[in-house]
Amino acid sequence: MTASRHLDAGRLRSPLLAPVGPYASLDVVARTGSTNADLRAAVAAGQPDRTALLAEEQTAGSGRRGRDWASPPGQGIYLSVLLRPAEVPMAALGSLAIVAGLALTDVTAELGVDAVLKWPNDVLAGPGRAKCAGVLAETVPSDEQAVVLGIGLNVLPMREPVRPGPGGLPATSLAEQGARITDRTDVAALLLAALHERELPWRRARGDLAAAGLLDDYRARCATLGQQVRLEVAGGRARLATVVDVDPSGALVVDDEGGRRRSVYAADVIHLRAVSE
């Protein structure tokens, strides 16, 4: 199927907008600075749980640590969802990035694209394991607990070169990896549906990935497990470690150079080599 030029809001709303679908609000804008920033502002305005916003273009899209995310017009899916999971403790909200990663790889599998997850928030596709998607979850101060989940997914090849991310990861797209569908409306519909299917058990399990039945799926898809890695923490020095597990909160469990086992909740992770090599 060939790609259409614009996202079709009506075609997205038909199966996904309440009362038929799970989303309370679903809008598409031609251009914005950042869909995450827009929905952070929408929290204060009282926008409801499961408010979704997509943009054809972002001029100030960002990932972790404020890094730029290339968001050229008509090339990808730039999506944010406002969630108000009152039943999930604040300490468990960090595992939402894991949920989004699973939803993304549900979509890549549906489209016939070979992809894996790199902890904490990247989707790597193709034999060269280039970056195809990223996730950014941000909690928002509010009277009612709120988190904005942002997803950037490259659907079509970038017209301009994209600066490699941490570890020198190049960018790729679904189209470059042979996706059977590259119509962005169809891909966005698949992603929103998959996100709901993964987020619902996460919410019911109060953010516990194991209780939600999500942890084993994540372990099976996470290419970071079994890797020797370099951990880069904001404000700290880089450390080498071997990744041994992901725990039910979504934390990375590593053995450091001294053989001490510890949990890592936030860091840039650079894959160095598989331990078995």
Side-chain angles (χ1 to χ4, degrees), residues 63-64 67 69-70 76-77 79 94-137 149-155 157-158 162 164-182 187 190-191 194-195 197-199 202 209-210 212-232 241-254 264 266-277:
R64 293 180 66 251
R67 294 189 183 93
W69 174 269
I77 293 169
L79 162 70
S95 61
L96 190 56
I98 301 288
V99 176
L102 285 172
L104 280 160
T105 49
D106 289 341
V107 172
T108 57
E110 174 71 17
L111 299 181
V113 171
D114 171 35
V116 295
L117 293 162
K118 175 180 171 288
W119 190 94
N121 69 334
D122 293 337
V123 177
L124 309 183
R129 295 306 184 218
K131 184 170 178 176
C132 187
V135 176
L136 178 64
L149 178 67
I151 298 174
L153 172 61
N154 300 330
V155 178
M158 296 291 171
V162 176
L169 288 173
T172 190
S173 65
L174 296 178
E176 290 169 282
Q177 299 305 326
R180 65 178 185 83
I181 294 173
T182 54
V187 175
L190 287 172
L191 178 55
L195 180 61
E197 290 300 316
R198 290 294 189 174
E199 189 265 342
W202 170 83
L209 295 170
L214 303 177
L215 187 55
D216 286 344
D217 282 354
Y218 187 82
R219 286 168 172 157
R221 300 180 190 187
C222 183
T224 306
L225 289 178
Q227 292 276 350
Q228 185 183 60
V229 299
R230 185 170 72 248
L231 301 171
E232 298 182 351
T242 299
V243 179
V244 295
D245 201 3
V246 174
D247 74 17
S249 73
L252 202 63
V253 182
V254 304
V264 176
D268 281 332
V269 174
I270 313 300
H271 290 182
L272 300 178
R273 63 177 177 83
V275 235
S276 57
E277 291 179 357

Please enumerate all residues that pass salt bridge (Lys or Arg N to Asp or Glu O under 4.0 Å) together with Asp106, with sequence neighbours excluded. Arg198, Arg221
Looking only at heavy atoms, the pair that brings Ser173 and Val155 closest together is CB-O, 3.6 Å
Under a 4.5 Å cut-off applied to non-hydrogen side-chain atoms, are Leu174 and Cys132 in contact? yes
Side chain to side chain, Val99 and Leu149, heavy atoms closer than 4.5 Å: no
Can you list the steps and then say if Val269 with Leu231 is a side-chain contact (heavy atoms from CB on, under 4.5 Å)? CA-CA 5 Å; Val269 174; Leu231 301 171; 3.7 Å; yes
Counting distance only, does the side-chain N/O of Asn121 pair as donor-acceptor with the main-chain N or O of Val135 below 3.5 Å? yes
Could you state the interatomic distance from CG (Leu104) to CD1 (Ile77), rounded to the nearest 0.5 Å? 9.0 Å
How close do Val246 and Leu215 get, heavy atom to heavy atom, and via which atoms? O-CD1, 3.6 Å
Output for pair (Leu102 CG, Leu117 CG), nearest 0.5 Å, gives 6.0 Å
Taking the side chain as C-beta and beyond, is there a heavy-atom pair between Ile98 and Leu214 under 4.5 Å? no
Here the gap from Asp268 atom CG to Lys118 atom NZ, rounded to the nearest 0.5 Å, amounts to 6.5 Å
Give, for atom CG of Leu252 and atom CG of Leu225, the distance between the pair rounded to the nearest 0.5 Å. 7.0 Å
Shortest non-hydrogen contact from Ser249 to Ser95? O-CB, 3.3 Å
Does a side-chain heavy-atom distance below 4.5 Å link Lys131 with Val123? no
Not counting sequence neighbours, which residues clear salt bridge (Lys or Arg N to Asp or Glu O under 4.0 Å) with Asp247? List them please. none
Report yes or no: does Thr224 contribute a side-chain atom to a donor-acceptor pair with the main-chain N or O of Trp119 at less than 3.5 Å? yes
Shortest non-hydrogen pair, Ala175 vs Pro157, comes out as CB-CD, 3.8 Å
Atom CG in Leu195, atom CG in Leu190: separation rounded to 0.5 Å? 12.5 Å
Closest non-hydrogen atom pair between Gly126 and Gln177, with its separation: CA-OE1, 3.1 Å
Start with the C-alpha gap between Thr172 and Asn154, add the side-chain angles, then the distance that decides, and say whether side-chain contact (heavy atoms from CB on, under 4.5 Å) holds. CA-CA 7 Å; Thr172 190; Asn154 300 330; over 6 Å; no
At their closest point, which heavy atom of Asp245 faces which heavy atom of Arg219, and how far apart are they? OD1-NE, 2.9 Å
